[in-house]
Amino acid sequence: MTSPDRKREAGVMIDAGRKYFRPETLARLIGVIADLGLNTLQLHFSEDMGLGLDCPAYPWLAGRDGILCTQGKVGTVFPDTGFLTVPELTDLLSLAASKGINVIPSLDSPGHLNYTVKRFHDRVAEKGSVAFGYGEDLYEVYTDGGLYGFRKNGKELNLPAETSGVYGIGSYFLTGGVAGRVQGTNNHSYSRGIDLSNEVASAFQKSVIGSYANLFYALGCRDIDVGGDELLGFRPAVVDLSVLTRWNQLDSWREAAVRKSGLSTAVAYDLFVIWMNSLMAMMKDIGYRSVRIWNDEFRRTFDTGWTPDPAAHVQFDPSFTVQYWSSKPNYESPASLARAGYRLINADSVHSYYVLITKARSNPPESYTKVTPEAITAEWDPFRFGTGEGEWDLSEGGERAAVAGAIFCDWNDCPTLRTDREVVDEMIPLLEAWSKKALGTI
């Protein structure tokens, strides 16, 4: 038996974006976390089918939409549209602080924004237009004959009608003049994220992120997760993927990346790097001490045309903390990221994911089969990432120091399968085993 490593992060992430968690359930979870000796609650309130926290800047934004459920027949899920209010959040953060638990706000961009895109467009349809400010500029999105129009400081923006006019602030592929929506998971009708080549879309999402980030900072939070995962969906784009990868079907992003970076060699992926770096700069300006990003799109070389060559491509801010959840062979390995100087949080999807989908909650489970107390105890530790071909062990040498901690993640892809109380009930035996390994007590 070894002594617990209290310097490392060990905690729970709860998906309150897809599913409504009542304040009393979250308070109970905080108690469970404290009783197990864990020290972190990551509150993930922004997801593809909802926003689970009142947005100070846009009171009409929070809620959920069952049309966007990632599992089951489209339109059959009608989730509770409740969300946390700011006073409820304030009370929960005070409770967590009294128990020595660090709360980390967790949102997503520029992907996993199906709900935000849909709700924004619904609002434009309801009101005829939506105006908002960001920085010193005033933006407006309006509808005209079924198409979207855009203004900045009262002047029309000359954005292409055949693309942004149809898709609004939503993301779309544009290749050789042919356009196609970046589809939301399980639903073809709504964009998975925002169009980073559209200044208005970027400004709106930054105004949302800034509103939330300032709120959490004012309430004492100093670490934040800004997402950056699964941007382009899982379906073919406008060109056969055997001919051209998704990342190379974003001509408008590539053109914007060249313009913004000044690099003629820039590719579409560079625009994503520019976006994530701009969020890092925003969080630093607010005062956050660490900013997190998920690993699947981070330093992605195998299908983007991007390389870690600063003469040819924009490079990520070196101070990102990487939440490593997927160890697919094509992704940059945790060992490589450690050698490059990045801090890592082990969010291993093999042993550290509670997922609310039918196949994972069946008895016996048909997916996520390693998320059992027995498998966690026998096979996982904070320095082991993935399994099989993509397994990495960072327990030895200098790479060990890069592992800043571990997080056990709850994802509620089909929120109606369990009540919020049942989710916590089912997580407790998993967390009892996981916490012992995360804290080094066995």
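Computation of the quantities below employed the complete heavy-atom set of this structure, encompassing side-chain atoms and omitting hydrogens, waters and symmetry-equivalent molecules. Starting from 1, each residue takes its place in the sequence as its number.
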Verify side chain to side chain contact (heavy atoms under 4.5 Å, CB included) between Glu199 and Tyr139, making sure each step is shown before the conclusion.
CA-CA 9 Å; Glu199 177 186 353; Tyr139 296 91; 2.8 Å; yes
Does any part of the side chain of [Y], heavy atoms only, come nearer than 4.5 Å to the side chain of [X], both counted from C-beta?
| X | Y | value |
| --- | --- | --- |
| Arg18 | His112 | yes |
| Ser171 | Ile194 | no |
| Asp54 | Leu84 | no |
| Leu68 | Lys118 | yes |
| Ser319 | Lys284 | yes |
| Gln249 | Leu241 | yes |
| Val371 | Val350 | no |
| Tyr167 | Arg181 | yes |

Is any side-chain N of the basic residue among Glu391 and Lys370 closer than 4.0 Å to the acidic one's carboxylate O?
no
Any carboxylate oxygen within less than 4.0 angstrom of a Lys/Arg side-chain nitrogen, looking at Glu426 and Arg361?
yes
For residues 18-52, pull every pair meeting ring-ring contact (aromatic ring centres under 6.0 Å, His included), keeping only residues two or more places apart or in separate chains.
His44-Trp411, Phe45-Tyr212, Phe45-Phe216
Return each pair, listed once, that meets ring-ring contact (aromatic ring centres under 6.0 Å, His included) where at least one residue sits in residues 414-440; pairs must be two or more places apart or across chains.
Trp380-Trp434, Phe408-Trp434
[X] side, atom [atom1]; [Y] side, atom [atom2] - distance, nearest 0.5 Å:
| X | Y | atom1 | atom2 | answer |
| --- | --- | --- | --- | --- |
| Ile33 | Thr40 | CD1 | OG1 | 8.0 Å |
| Arg339 | Leu394 | CZ | CG | 8.5 Å |
| Leu61 | Asp122 | CG | CG | 11.0 Å |
| Glu47 | Leu51 | CD | CG | 9.5 Å |
| Glu432 | Met427 | CD | CE | 12.0 Å |
| Asp80 | Arg22 | CG | CZ | 9.5 Å |

Return the set of residues passing ring pair (Phe, Tyr, Trp, His ring centres under 6.0 Å) with Tyr148 (not counting sequence neighbours), or none when no residue passes.
His121
For Tyr288, all residues meeting ring pair (Phe, Tyr, Trp, His ring centres under 6.0 Å), sequence neighbours excluded:
Tyr217
At their closest point, which heavy atom of [X] faces which heavy atom of [Y], and how far apart are they?
| X | Y | value |
| --- | --- | --- |
| Pro56 | Ser211 | CD-OG, 3.3 Å |
| Gly228 | Ile293 | CA-CG1, 4.3 Å |
| Ile376 | Leu430 | CD1-O, 4.0 Å |
| Ser290 | Thr321 | CB-OG1, 4.3 Å |
| Ser164 | Asn198 | CB-ND2, 4.2 Å |
| Val182 | Gly233 | CG1-N, 4.3 Å |

Can you tell me if Asp348 and Trp325 form a side-chain donor-acceptor pair at under 3.5 Å?
no
Checking Tyr172 against Asp195: is there a side-chain donor and acceptor pair closer than 3.5 Å?
yes
Mark yes or no for whether [X], through its side chain, and [Y], through its backbone, hold a donor-acceptor pair below 3.5 Å.
| X | Y | answer |
| --- | --- | --- |
| Asn39 | Ala10 | yes |
| Asp15 | Asn412 | yes |
| Ser261 | Ala257 | yes |
| Asp420 | Thr25 | no |
| Ser98 | Leu95 | yes |
| Arg254 | Ala268 | no |
| Lys19 | Arg418 | yes |
| Asn346 | Arg384 | yes |
| Asn187 | Ile67 | yes |
| Ser197 | Trp253 | no |

Compute both the distance and the angle, then confirm whether Arg64 meets the cation-pi test with Phe83: under 6.0 Å from the six-membered ring centre, within 45 degrees of the axis.
no
As a quick check of understanding, evaluate side chain to side chain contact (heavy atoms under 4.5 Å, CB included) for Leu53 and Leu107, giving each step before the final call.
CA-CA 10 Å; Leu53 174 63; Leu107 49 88; over 6 Å; no
If you look only at pairs with a residue in residues 213-233, which of them pass as a salt bridge (Lys or Arg N to Asp or Glu O under 4.0 Å), with sequence neighbours excluded?
Arg192-Glu230, Asp223-Arg289
Check against side chain to side chain contact (heavy atoms under 4.5 Å, CB included), Thr70 and Cys414
CA-CA 7 Å; Thr70 62; Cys414 193; over 6 Å; no
Are more than 12 heavy atoms, taken from residues, nucleotides or ligands other than Arg421, located less than 6.0 Å from that residue's CZ atom?
no
Candidate pair Lys152 and Leu138, rule side chain to side chain contact (heavy atoms under 4.5 Å, CB included), full reasoning:
CA-CA 6 Å; Lys152 178 181 179 181; Leu138 179 65; over 6 Å; no
For residues 269-279, which side-chain N or O atoms pair as donor and acceptor with protein atoms under 3.5 Å away, sequence neighbours left out?
from	atom 1	to	atom 2	distance (Å)
Tyr269	OH	Glu297	O	2.3
Tyr269	OH	Arg299	N	2.9
Tyr269	OH	Arg300	N	3.0
Asp270	OD1	Val314	N	2.7
Asp270	OD2	Val267	N	2.8
Asp270	OD2	His313	ND1	2.9
Trp275	NE1	Ser109	OG	3.2
Asn277	OD1	Asp317	N	2.8
Asn277	ND2	Gln315	O	2.9
Ser278	OG	Lys206	NZ	3.0
Ser278	OG	Trp275	O	2.5

Take Lys437 and Asp381 through the salt bridge (Lys or Arg N to Asp or Glu O under 4.0 Å) test and state the conclusion after the steps.
CA-CA 6 Å; Lys437 302 298 292 288; Asp381 68 55; 5.7 Å; no
Going through the checks in order, is the side-chain hydrogen bond (donor to acceptor under 3.5 Å, both in side chains) test met by Asn248 and Thr245?
CA-CA 5 Å; Asn248 288 296; Thr245 68; 2.9 Å; yes
Counting the benzene-type ring for Trp, do Tyr134 and Phe204 have ring centres under 6.0 Å apart?
no
